[in-house]
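Notes for the one structure printed next.
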Amino acid sequence: MSKLEKILQSAFFRTIISILIGFAVGAIFLLIVNISPAEAYAKLFSSIFSNPKSLSYCVVYATPLIILGLSVAFSFRTGVFNIGAEGQFVVGSMAACVVGILVPAPPIVLPILCIAAAAAAGALWGIIVGFLKVKWGINEVLSMIMFNWIAFYLSNYIADLPIIKNEGNAEATKNVQEAAMILLPKSWIDSLGLCNSASWGILIAAILAVVVYIIIEKTSLGYSLKAVGFNRDAAEYGGINANRSVLIALAISGAMGGIAGATNLLGIGQRIAIFTAQESYGFQGIIAALIGASNPLGVFVGGLFYGAIKYGGSRLNIIGAPSEVVNVIMGTVIFLIAISHIFNFRLRKKKKGGDK
Amino acid sequence: MDNFINNLGILIYATLLYTAPLLYAAMGSCFSEVSGVVNIGIEGMMTVGAFTGATVAYFTGNPWLGFVCAGLAGMAFALLHGIATIQFGADQTISGTAINFLAPGVAIVTAKAIFNSSDTVPLDPSSKIPTLFAGVFSSGTPWSNFMKNVFSTYASTYLVFVVLVVVWFVFYKTRFGLRMRACGEHPLACQSLGINVHRTRMICVCLSGFLAGLGGACMTMATSNQFRPTSIVGQGFIAIAAVIFGKFRPQGAMIGCLLFGLCSGLRVVIGSSSLNISVQLLSMIPYVVTVIVLILFVGKSHVPAANGKPFVKTK
Amino acid sequence: MATEHIDLNVKVVEMRDIVKKFGDFVANDGINLTVHKGEIHAILGENGAGKSTLMNQLYGMFPPTSGQILVHGKPVVLDNPQKAIREGIGMVHQHFMLVPPFTVTENIVLGMEPVKGIKLDMAKARQDVKEISERYGLSIDPDAKIEDISVGMQQRVEIRKALYRGAETLILDEPTASLTPQEITELIHIMHSLTADGKSIILITHKLKEIKASADYCTIIRLGKYIDTVKVADVTENDLASLMVGRKVTFSVEKPPMKAGDLVLDVKDLHGVDYRGVEILKGLSIQVHKGEILGIAGIDGNGQTEMVEIITGLRKATGGQVLVNGTDVVNKPPRFGFEHGVSSIPADRQRHGLVLDFSVAENMILQNYGQEPFSKKGILDQKAIGQYTQDAMEKYDIRPRDAVRKPARTLSGGNQQKVIIAREVNNDKDLLIAVNPTRGLDVGAIEYVHKYIIEQRNKGKAVLLVSFELDEIMSLSDRIDVIFDGKISGSMTGDQANEETLGMMMAGGKVQ
Amino acid sequence: MKKLIALLLALVMCLSLVACGTSDDATTGDAATGDATTEDTAAGDDAVAETIKVGMVTDVGGVNDQSFNQTSWEGLQALAAEDPTFEVSYLESKTDADYASNIESFIDEDYDLIICVGYMLANATREAAEANPDQMFAIIDDNSCADLPNVACLMFAQEQSSYLVGVVAGLATESNTVGYVQGQVSDSMNQFGVGFISGVLSVNPEATVLQYNVNSFADAPGGSTAATNMITNGADVIFHAAGGTGNGVIEACAANGVYAIGVDTDQSPLAPEYVLTSAMKRVDNAVQDISKAVKDGTFTAGTHLYDMTNGGVDIAPTQDLLTEEMIAAVEEAKAGILDGSIVVPTTAAEVPEFTLAAAE
């Protein structure tokens, strides 16, 4: 197989094609609402790339998506479908928020405490679902949907407690202490012209991507989790405790969901509002995982891409274009990725290659 | 006692109100799942149904035409899902997730194109799904209040139970139902008996989109009378949960939907009483109760054996 | 042989010069087959010779690349099973095509359901099913669910399914694979009553004894090529065998005399339940010593699966003990048993034996992935794992050799089994449990597996062999225990064993 | 390795797309206001210097919330239609974390005035206003930024309009029982309830007010259930302040043949025969005023109170269902509020006759 052919048949190339077609479909819908696609996409991309500040915003927007994407990707690789990332994100945010408001601790220590609390809360949320599955055989997709909503109202309940609640009239918590924030040093932000919310979050995301990669590909723990994911019976035959593996996989996945919430809160959020609707971070994480084909590096890049499109897409309002076009584009992209194996870019007719 | 009768009436009213859209969607989900295709795109299909129903009814003034078009719109997206997963063997979860992003996006963008707003124009009473017994029962005594509340629900709610009976009949008493269930359990056996597995599954997925679309239309053409982006927020997933709860049987899904509706009604009744409980905690009731009931009474459900697995014809 | 039913003037099925290619692979290469009315025609060939491919074309599962199929002398195009059914061809697949949660009746009528208006007419269906049953003496409860009935019963359902469709020609694909000798006898009886009724049967098998016992003619296929069609009465088993394999085959297994040593496995009064919670082990006791092979003979469903699952830690026992080298492993996790000397070749290699999406290397370390040298401080040492696998592949002749990092899924069945054997034997445990170790393997692979089992015994391991193949039990075992209804119903030494006695005991009969 | 190369390729691709994007952008600058406003701004292009750019940031309700976001945007659109020198646009916030970045986007695009809709944006507005002292801001429903020199706080005496619809409800009820459904417990939402109850009691001291908090702005069945419950318990007029949940309230009222009272906008179209009136909050007037002030150079920071006196709050213009008696009572109440003889309470504590259950 020639190099060119290899590229043409790679999953990556297919993803690129999917993205291009996604934009084409988006363009059709823009035409329907009587907006010039060229103008809209110009706005979209100029909003992303116009200056270091907008770029840094894209990164800030991408950070929780990457981490959630890793959480979902990890679950995919270990044979569960973490549709509960939304709930883990919410409880993680809230745990970090409570610690960030109430615990008196110095800088550096406090963010670590917040993130640890978030990881613990997210992991707990994952373990509850795992426990229901292991103990009573309750379908995890069902309980995750339920626990997403329970997390939603739990967060609202906590945010409304007098000790946490904003003193002003905003329906939100107090801001977390300055010391809890993980923002980049002010001097860096000013000299590089970044946005004020630029934080260490992306570094945390990168570290987690590496951690996930190592766990999945390099460790005996990852081996046992994957074995259970691929073939529970054989794994048990081989002496792997499948129930324990399911719990561990959901705990790790949940912990990452929680950390995603914490980095978002300690970077850009500062506080948690009383929700009126689900924020859909969980589903956006699923998208990031799918674009990245559940591969940690792929998820990192996929998350960055999605974060940028999300940020740039929201700016479409400025020229009167509906920002929902982004959903059309991303939906189309995911749909095409799902069927991308039928695009067969071959230079000449040949027997089916080993490309998955 | 009077209070009890009143509350009971309200509970039944609320249960029916919440159940109708969920149950349409849940029956849709049943079709798809038992034939072996996981359809988490129900939520998106409900959203386009909700939008299309409200829009067609607004322009034609005919609620039933709107209702049917809502189903067809849901079916159009189901067809996409079907082509991807059945014809091309795409991952069913991925395709469903894509539908959940694509469908609401298309609905809202189209709304903006037509109405220059993400909301549709409210329907006037004649283009809404009617209530069948409006004005039959007068209020006054507790029992007449009770009757009035119980029977003040929409035609679409009565229809959902008719549809349920039909669906149950199709599932368990017809040739198609037997074949469709067989396709979800052992597609290869079906193929060996000359049953066209792909076509059967495709029909089921299309039906699932149709019913999900009807469920969405229930929200926008009955309970409220316009489409808004918040019209469908999670009902599709609750419907899927109800199906798993009901062990992939339409009658079981009905129990799941009724339970969920009852709890939602209970929330309002308790919240209106003098009990001083945080409204946030009350709002959790439907979700917590569902999990508890699962633990206590339902437990493990038998997932159709071939559910989620693409069937590749041997050639 | 009951050749008097054959009507040589009526050719019910003719296949001419059939070629079937899958990509570059030629599965059938110019095969001819003629089946007459009332005839039992065996198709003999090793696993992978192309028998099932040929029959799937006749049954319309996929069309031939070239060649012609004639039914009653008329050329037909069979591109889906419905057409084949319409032409009077029925097929009983080796892996039953039955929907487990459905009832017997539902399964039989599926695809040809009688209806009254739009409603299924289940009363008529039940009546039809009953009629067919009575006509061919195939009694069975029409309302039982498939998942609740035995394999033998399921096969009857499959046969009735074909008859219900008006099959004139019945294809039976490896029908005896999981039947007891008595059930096989019954099946042959049923086959004869079918031919007496004017039906024709195509019997796909690699078991020579059955061909001799039932078939009128036999067509031999080797490596996708047509070899010959012979009249069964004119040839011996050995003739058939050499035609099938293309060389001389030795059926006897060389085995030095047993040197039984210490007791390794001591199962005492074992009780257990099956997946439905019904008691299936009712006080079973067996003992296996070093250097001996204990064969467990029995019909599927008498508790042997559960027994093995309990010994390997996959299932909880409700009572009794399983001592391995003196340690009770009952109700302990699988790893506990493994650490105390249990290794096993599971019955279902794709379900229990291998993680098909894992590479061969990853499969090789399924039990000891967490131990040195494969893993150091929780980090896998891919180099060590690769080397270990490469060595094992050389030693156990696992092909292709460059498949170390390729998914186990890509290997052939025989090589998959070799991976499992390599892994379990390399683990070097005192006890080796082998459950149906040669199921679905071709002759060469079977010889190979048998060789390794004997070798383990000779090295002083205790071997527990559970198999539904009586021949295998009889040729390998030093001692044989027969399991019936959750208990050992009889024992004998390997050289005392004969098929009749064993068969009787397997069916619950007492032997004096 | 293959994947790595592929990723690099992707980055290059993205960057090249960007390059096209930015070069295009320069040419689309004039047309950048989109369709709704293009024609008007095109006309004003000759006098480029005079263009006043007004950007509005919604809260998480989005621009079509049928509440203050929507009225604000409609006000701005109307303004741009009548005066081409205005160029208006909005940015929707999807989550609480979007406020700051949305405000910054408008700052970066040199908007003259940034209108932040809702008290949830107070923190973000304060931060942005402090960091950009030359940028003019307006914020709706928040008074906490009144100390800043560049923020106009547009406050609404929503209790006054609620009071007026309360007067209507108090007169309209025959059963002496009225209902109030709200979508969330918050100071701002509570003001609706307090004003309403005061209004009811002012004309009908015997009346009972039933209340329920659905705890959602998107739960139409919940609104229906709550309203039906109230109707069963005797209510014959129900006021809601609950966004999309309110659709269910109005629906249940129509189904049971009792009156509903809408909020924020004139909700009569939802059920013309049953929506008695609506408590209007003229956010559209307010945003137009402040935008014009920017154009005229008369922008002032600090609190701008919109109440009955300046038409900031009112009852809906659709008055088909109101009796003359009601209209007279409303006029009387209006006069009272205007001359100060009626002071509408804003917190539950000020209504001793009645405890607002939802407000504790």
Side-chain angles (χ1 to χ4, degrees), chain B residues 3 5-7 9-11 13-15 17-21 108 111-112 115-119 121-125 128 131 134-135 139 142 145-146 148-149 152-154 219-220 222-226 228-234 261 264-265 267-269 271-272 274 276 278-280 282-283, chain D residues 35-36 61-66 70 73-74 77 92 175 179 181 184-185 210-234 236 243-252 254-258 267-274 357-358 360:
Chain B
N3 201 16
I5 295 166
N6 274 345
N7 284 341
I10 290 292
L11 270 184
Y13 169 80
T15 305
L17 203 60
Y18 278 99
T19 298
I108 293 169
K112 288 195 169 167
F115 299 99
N116 194 26
S117 158
S118 60
D119 302 353
V121 176
L123 300 173
D124 60 58
K128 274 172 55 80
T131 51
S139 51
N145 277 338
F146 175 83
K148 188 177 168 195
N149 285 336
S152 67
T153 191
Y154 304 93
M219 289 301 296
T220 52
T223 315
S224 66
N225 54 1
Q226 68 179 149
R228 309 174 72 166
T230 55
S231 293
I232 303 294
V233 279
S264 303
R267 199 188 73 192
V268 176
V269 171
S272 305
S274 50
N276 191 5
S278 158
V279 63
Q280 305 294 356
L282 282 178
S283 298
Chain D
D35 246 54
V63 77
N64 291 116
D65 66 343
Q66 295 189 356
Q70 186 162 348
W73 178 235
E74 283 167 0
Q77 278 179 304
E92 277 184 313
S175 61
V181 175
Q184 191 183 45
V185 179
L210 306 173
Q211 303 157 65
Y212 183 67
N213 168 24
V214 181
N215 194 32
S216 167
F217 289 110
D219 184 2
S224 278
T225 308
T228 307
N229 194 18
M230 289 173 176
I231 294 164
T232 306
N233 288 308
D236 58 358
T245 302
N247 280 27
V249 173
I250 293 173
E251 188 43 41
N256 284 285
V258 305
Q267 292 194 307
S268 179
L270 281 169
E273 290 171 47
Y274 298 101
E360 84 268 1

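The chains referred to below are lettered A, B, ... by the order of the sequence lines, with proteins before strands, and numbering in each begins at 1. Not measured: the values here are computed from a predicted model.
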Between D/Ser224 and D/Ala252 the two heavy atoms that sit nearest each other are O-CB, 3.6 Å

Whatever's closer than 4.5 Å to a heavy atom in chain D on B/Ser283 counts as side chain

Across all chains, not counting sequence neighbours, the side-chain contact (heavy atoms from CB on, under 4.5 Å) partners of B/Ser118 are B/Ile108, B/Lys112, B/Pro229, D/Asn64

Cut-off 4.5 Å, heavy atoms of chain B, and the answer for D/Gln66 is both

Scored by heavy-atom pairs under 4.5 Å with chain D, the best of B/Leu282, B/Asn225, B/Thr131 is B/Asn225

Of the listed D/Pro221, D/Ala271, D/Gly257, the one with the largest count of heavy-atom pairs under 4.5 Å with chain B is D/Pro221

Cut-off 4.5 Å, heavy atoms of chain D, and the answer for B/Phe146 is neither

Problem set entry | Pairwise side-chain contact, D/Glu251 with B/Tyr154, heavy-atom cut-off 4.5 Å (strictly under) | yes

Looking only at D/Thr245, D/Asn229, D/Val214, D/Asn256, the option with the highest number of non-hydrogen pairs under 4.5 Å against chain B is D/Asn229

Heaviest contributor of heavy-atom pairs below 4.5 Å to chain B, chosen from D/Gly222, D/Pro269, D/Ala254, is D/Gly222

Worksheet item: Can you find a heavy atom in the side chain of B/Tyr18 that is under 4.5 Å from one in the side chain of D/Asp219?
Response: yes

Heavy-atom closest pair (D/Tyr212 atom, D/Ala226 atom, distance to 0.1 Å) is CD2-CB, 3.5 Å

Scored by heavy-atom pairs under 4.5 Å with chain D, the best of B/Val269, B/Thr230, B/Asp119 is B/Asp119

Taking every heavy atom of B/Thr220 against every heavy atom of B/Ser231, the minimum-distance pair comes out as CG2-OG, 3.7 Å

